[in-house]
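Notes follow the structure.
Proteins get letters first, then strands, A, B, ... in listed order; numbering begins at 1 in each. Every value quoted in this text rests on a predicted model; they were computed, and no experiment measured them.
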Number of protein chains: 2
Amino acid sequence: MLDLIVVAEGSTVPHEAKSNMPRTRPATQRKRREILDAAIDIFGNKGYANGTLAEIAEQVDITHAGVLHHFGSKQNLLLEMLTYRDETDVADLDEHHIPNGPELFLHLVRTALVNSRRAGVVQVYTVLSAESVTDDHPARPFFEDRYSTLRGLVADAFRVLCEQEGIAEPATIGAASASILAVMDGLQLQWLLHPQDIELAETSEFAIRAIVNGVLHPGPELSQYIRG
Amino acid sequence: MLDLIVVAEGSTVPHEAKSNMPRTRPATQRKRREILDAAIDIFGNKGYANGTLAEIAEQVDITHAGVLHHFGSKQNLLLEMLTYRDETDVADLDEHHIPNGPELFLHLVRTALVNSRRAGVVQVYTVLSAESVTDDHPARPFFEDRYSTLRGLVADAFRVLCEQEGIAEPATIGAASASILAVMDGLQLQWLLHPQDIELAETSEFAIRAIVNGVLHPGPELSQYIRG
DNA sequence: ATCAACTTACTTACTGGTCAGTAAGTTGAG
DNA sequence: CTCAACTTACTGACCAGTAAGTAAGTTGAT
């Protein structure tokens, strides 16, 4: 989604595969990945509450009890799936770090372009991030950490950009960082509802540009446009 | 949420209370409203898939069968709840129409301020709009209509504003309209996850202002900030 | 005004279905 | 031989919807 590296390190995922331990064979790891891919598909298309272990199991030709053998519980499968997605995104990156200067903004636009070719992944994050605000949702800590981390990342990029442009750091950096993430999320939702009305990458670029320029060169207040 | 008047007029809601018909007594309408309020609470806090009729019924001291007596099915309750929310928002408005000029942008900021005092309502829309993109979700047509209508409304405001400012309508109006709704939605999500980190109204104002100015006075492209 | 005929607003009880998780057994690779 | 990777079979819980009954309210003819 946002090719995030640092995420939820101190999360509650049991993650049995520590260092030593029962030394799983390669076919097992392959199966686990198959299951995680199926989970992305099912949870993305049906949500966590409505997606079932049986559907996930069917996609990889085992029974739902087989899935539980690997992941212990539905909740743990969800959590492992979320970190798995972030990890594979990172693996796809040429450089194994996110650009930290103003290039981050272009990276975000490129991410929007990539996302416009993988509706499934977008749908997982859209559905689950919203679902996570419901009572005691298991993915809530994941998304809390995720947004905190990402806002910090974007804010850092803003600080570098401001210094580069010789501008004193405005008080709007925090708002702008949240807004950039917000507009990307919101556009994804509208794009999922109206794929042919919304141009995800193009619109994201417009919005990010507007917000970046809004930090560097604020422009008139909204109230100035009222009447003449 | 956005104090929307025109919404889903041609929807599939049965809406038994037509003109003549069985003449419901006042206590009944009161009970129906109680149930709808409870549905907002439950569906908002648990989602549609995870919220149950029994929980809703319990809040109004009847059984789940009593709820079904009034609304026929869980799905129909959801649909009636969604239009009910919009209707009561409209009733709260002084004027029974949404400002259609550039005042719309200030109205959106005011809406964000109002929303920051009613997390429950915000949560219903956040959770359900995202959930609606899942397979065959009953609320999907509602949100499709909603976003189409709102984007059109915002685009109209942009056109009025451009004429007022003596600017030829830029090609970015469509992107900006979607972006404004997107940033409001996305900020609501982050605010629900981190109520004390996000200042909903203030941040919404910053973002809307940036996007409006981005239409009127585009400013540098993002790529111009790379290197020096 | 009264009361029978009818309707509305429920309840209780049940059905059929789904689902996560468990326990015990089977199989096949190392 | 052993243990991981399953399966089969089951449990208990939950849930939307239905059916049948009841009590209270409404209506209309007398």
- [ ] Would you mind reading off the distance between Glu34(A) atom CD and dA5(D) atom P, rounded to a whole angstrom?
- [x] 14 Å
TODO: Round to a whole Å and report the spacing from CZ of Phe43(A) to P of dC19(C).
DONE: 12 Å
- [ ] Please identify each residue that fulfils salt bridge (charged side-chain N to carboxylate O under 4.0 Å, His left out) with Glu34(B), with sequence neighbours left out.
- [x] Lys31(B)
Open item on the list: Nearest whole Å is fine: how far is dA20(C) P from Phe71(A) CZ?
Closed with: 15 Å
Task: salt bridge (charged side-chain N to carboxylate O under 4.0 Å, His left out) against Glu103(B), all qualifying residues, sequence neighbours excluded - done: none
Task: Rounded distance in Å - CD (Glu58(A)) to P (dA20(C)) - done: 13 Å
Task: salt bridge (charged side-chain N to carboxylate O under 4.0 Å, His left out) against Asp135(B), all qualifying residues, sequence neighbours excluded - done: none
Open item on the list: Tell me the interatomic distance from Asp61(A), atom CG, to dT8(D), atom P, rounded to whole angstroms.
Closed with: 12 Å
TODO: Would you tell me if any nitrogen or oxygen in the side chain of His69(A) comes within less than 4.0 Å of OP1 or OP2 on dA5(D)?
DONE: yes
Open item on the list: Would you say the ring centers of Tyr48(A) and His137(A) fall short of 6.0 Å from each other?
Closed with: yes
Open item on the list: What is the separation between atom CD1 on Ile62(B) and atom C1' on dT12(C), rounded to the nearest whole Å?
Closed with: 14 Å
TODO: Using the test salt bridge (charged side-chain N to carboxylate O under 4.0 Å, His left out), find all partners of Glu205(B) that sit at least two apart in sequence or belong to another chain.
DONE: none
Task: Pair listing, salt bridge (Lys or Arg N to Asp or Glu O under 4.0 Å) test, anchored in residues 47-57 of chain A, at least two apart - done: Lys46(A)-Glu55(A)
TODO: Send over the distance from Arg30(B) CZ to dG25(D) P, rounded to a whole Å.
DONE: 13 Å
Tabulate protein N/O versus nucleotide N/O from nucleotides 14-20 of chain D, keeping only pairs under 3.5 Å, one per line.
unit_1  : atom_1 : unit_2   : atom_2 : d
dA16(D) : OP1    : Lys74(B) : NZ     : 3.2
dA16(D) : OP2    : Leu53(B) : N      : 3.3
dG17(D) : OP2    : Lys74(B) : N      : 2.8
dG17(D) : N7     : His64(B) : NE2    : 2.8
dG17(D) : O6     : His64(B) : NE2    : 3.1

Open item on the list: Rounded to whole Å, please give me the gap between CZ in Arg33(A) and C1' in dA5(D).
Closed with: 17 Å
